[in-house]
Structures are given as C-alpha cells and as structure tokens.
Amino acid sequence: MILPESPAQTQSRRHTASEVSGEFVDRFGGRYYRIAHCDRLPPFFMNVVSASDLWMFLASNGGLTAGRIDAEHALFPYKTVDRLYDSPGHTGPFTALWVHSGETQVLWEPFATHTTRVHAVQRNLYKSIEGDRVCFEEIHPTLGLAFRYGWSSSERYGFLRRCELRNFSGRPVFVRL
C-alpha cells in the first residue's frame with residue numbers, strides 16, 4: 001500500500017537541498033540571530049521583551065498573543081503555547097499581494113500555511129540579540145521579491161509592526177497590497 005505524502009513531505013521535496021542553519025548577522029540596523037529555513041523546524045515558542053509593561057509571546061510560525069500588564073489586558077487572545085502553534089491565520093498579521101510582472105499575475109500570501117504548497121519560497125526568522133525585536137522574512141525567488149515583517153515595542157506607541165517589500169529582481173513589478 002502506498003500512502004499519500006504529508007504536507008511536510010511535499011514541502012520538503014519542493015525545497016532545494018538547503019538545510020536549516022543559524023548564524024549571527026548584522027541586519028535592520030542591529031545584530032540578530034538568523035534561522036534560515038525556519039519553517040522546516042517544528043514550531044517553537046519565543047517572546048519579545050520590552051522596557052515597559054508590554055508583553056508578547058510568539059510562535060515561530062507567526063501565531064501570537066500580546067498585551068499590557070497581565071493576561072486580563074491582552075490585546076490578542078491569551079492562549080496556551082499549543083494553541084499559539086495552531087493560530088497562524090487566525091491570530092496575528094495577514095498580508096496578501098497581487099504581483100504583476102510582465103504578463104504574469106500571481107497572488108502571494110506571505111507566511112500563509114498554504115503558501116509553501118503553491119510557491120517555492122524560503123522563510124527565515126531573525127531575533128535581535130537584545131530580544132526586543134523579531135523579524136519574519138519570506139523570499140519568493142520566482143517573483144524576485146522578499147517580504148519582511150517585524151515586531152517590537154515602544155513605550156509611547158505600544159506594539160509596532162514594520163513591514164517591508166523588497167524587489168531584488170532588477171525588473172519593474174506592480175504590486176497591489
């Protein structure tokens with residue numbers, strides 16, 4: 001009897017021979033630890049520290065909970081770790097991009113759970129050595145684009161999500177967000 005491939009097996013087969021690796025890098029105006037191909041690891045738990053009463057807990061696959069002071073003041077639903085692992089697409093950010101390049105039009109949803117079944121992408125994760133910033137990166141080599149988003153905190157503004165779309169293809173691309 002032949003069993004069908006699991007999504008993880010399909011994803012692994014679609015990627016190149018590159019393996020998960022980690023290293024210190026200088027990026028985004030600071031020093032970070034980068035985990036390349038982080039989506040090939042089982043989800044793991046992280047936090048973003050702050051100098052105030054803000055707290056944020058994240059899963060490496062993008063699920064999160066955050067708030068002020070305690071669980072009673074959560075901005076996103078306060079969940080246990082196992083539920084955070086299951087929450088991408090339900091809790092946390094979502095981005096959809098219609099990318100037009102020449103005659104081609106592609107819907108790219110960075111970090112969506114189904115994206116790796118549709119597109120050959122590379123996902124990397126960065127955490128500042130101070131522990132106060134986390135950055136998720138998805139590179140789409142076919143489109144020549146990289147999408148990044150990161151979390152940090154500010155005593156004045158609360159939680160900050162910064163996003164960046166970078167065109168490394170050298171050709172014009174029209175994007176609808």
Side-chain angles (χ1 to χ4, degrees), residues 4-46 48 56-64 66 76 84-129 133-152 159-177:
E5 278 188 335
S6 72
Q9 289 169 318
T10 303
Q11 175 181 339
S12 177
R13 185 176 46 77
R14 292 195 73 210
H15 286 290
T16 63
S18 299
E19 296 297 322
V20 175
S21 63
E23 65 181 331
F24 288 100
V25 295
D26 293 316
R27 297 273 166 86
F28 323 117
R31 187 98 168 131
Y32 286 78
Y33 190 76
R34 177 181 74 136
I35 301 174
H37 303 286
C38 61
D39 56 320
R40 296 184 190 176
L41 295 170
F44 56 89
F45 192 66
M46 303 179 287
V48 174
M56 177 180 277
F57 299 108
L58 304 110
S60 60
N61 61 3
L64 68 100
F76 298 101
L84 279 180
Y85 293 159
D86 295 335
S87 68
H90 305 288
T91 303
F94 173 77
T95 303
L97 306 166
W98 276 106
V99 181
H100 304 267
S101 180
E103 299 297 317
T104 308
Q105 178 175 288
V106 175
L107 175 62
W108 178 30
E109 299 172 77
F111 307 103
T113 55
H114 64 274
T115 296
T116 55
R117 293 189 300 268
V118 179
H119 304 285
V121 297
Q122 178 181 340
R123 291 180 176 166
N124 303 313
L125 180 62
Y126 300 81
K127 186 167 184 184
S128 68
I129 59 171
R133 296 175 306 266
V134 171
C135 181
F136 294 83
E137 175 182 62
E138 183 169 298
I139 300 169
H140 196 305
T142 306
L143 296 175
L145 298 173
F147 179 78
R148 297 180 187 116
Y149 78 89
W151 290 106
S152 61
F159 294 104
L160 304 175
R161 179 176 180 240
R162 294 186 177 138
C163 301
E164 173 183 308
L165 180 64
R166 178 145 307 179
N167 180 355
F168 59 86
S169 71
R171 62 182 186 272
V173 177
F174 176 77
V175 178
R176 278 189 305 147
L177 177 66

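Bear in mind that the values here come from a model prediction, so they are computed numbers and not experimental data.
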Note, Phe57 side chain near Leu64 side chain (heavy atom, < 4.5 Å): no
Any donor-acceptor pair under 3.5 Å from Gln122 side chain to Ile139 backbone: no
Spacing of SG belonging to Cys135 relative to OH belonging to Tyr32, to within rounding of 0.5 Å: 6.5 Å
Validation row: Val99, His140 side chains within 4.5 angstrom (heavy atoms): no
Minimum side-chain heavy-atom gap Arg27-Tyr126 below 4.5 Å: yes
Derivation and outcome, side chain to side chain contact (heavy atoms under 4.5 Å, CB included), residues Phe28 and Arg162: CA-CA 11 Å; Phe28 323 117; Arg162 294 186 177 138; over 6 Å; no
Leu143 vs Val173 side-chain heavy atoms within contact, under 4.5 Å: no
Point-to-point distance, once rounded to the nearest 0.5 Å, from CG of Asn61 to CG of Leu41: 11.5 Å
Steps toward side chain to side chain contact (heavy atoms under 4.5 Å, CB included) verdict (Met56, Phe159): CA-CA 9 Å; Met56 177 180 277; Phe159 294 104; 3.6 Å; yes
His37 side chain vs Arg40 backbone, donor-acceptor pair below 3.5 Å: no
Nearest heavy atoms of Leu107 and Ala96, plus distance in Å: CD1-CB, 4.3 Å
Residues which pass salt bridge (Lys or Arg N to Asp or Glu O under 4.0 Å) with Arg31, listed by chain and number, not counting sequence neighbours: Asp26
CH2 on Trp98 to CG on Leu177, rounded to 0.5 Å: 13.5 Å
Main-chain N/O of Pro110 paired to His119 side chain as donor or acceptor, under 3.5 Å: no
Heavy-atom side-chain proximity of Phe174 to Arg176 below 4.5 angstrom: yes
Minimum heavy-atom distance between Ala112 and Arg123, given as atom pair plus value: O-NH2, 3.0 Å
Nearest heavy atoms of Pro43 and Ser60, plus distance in Å: CA-OG, 3.3 Å
Phe147 and Val175, any side-chain heavy atoms less than 4.5 Å apart: no
For the student: nearest non-hydrogen atoms of Trp151 and Val48, plus distance: O-CG1, 4.4 Å
Side chain to side chain, Leu125 and Met46, heavy atoms closer than 4.5 Å: yes
Pi-cation contact, Tyr149 with Arg161 (under 6.0 Å, within 45°): yes
Ser21 side chain to Ala36 backbone, donor-acceptor under 3.5 Å: no
Set of salt bridge (Lys or Arg N to Asp or Glu O under 4.0 Å) partners for Arg148, sequence neighbours left out: Glu137, Glu164
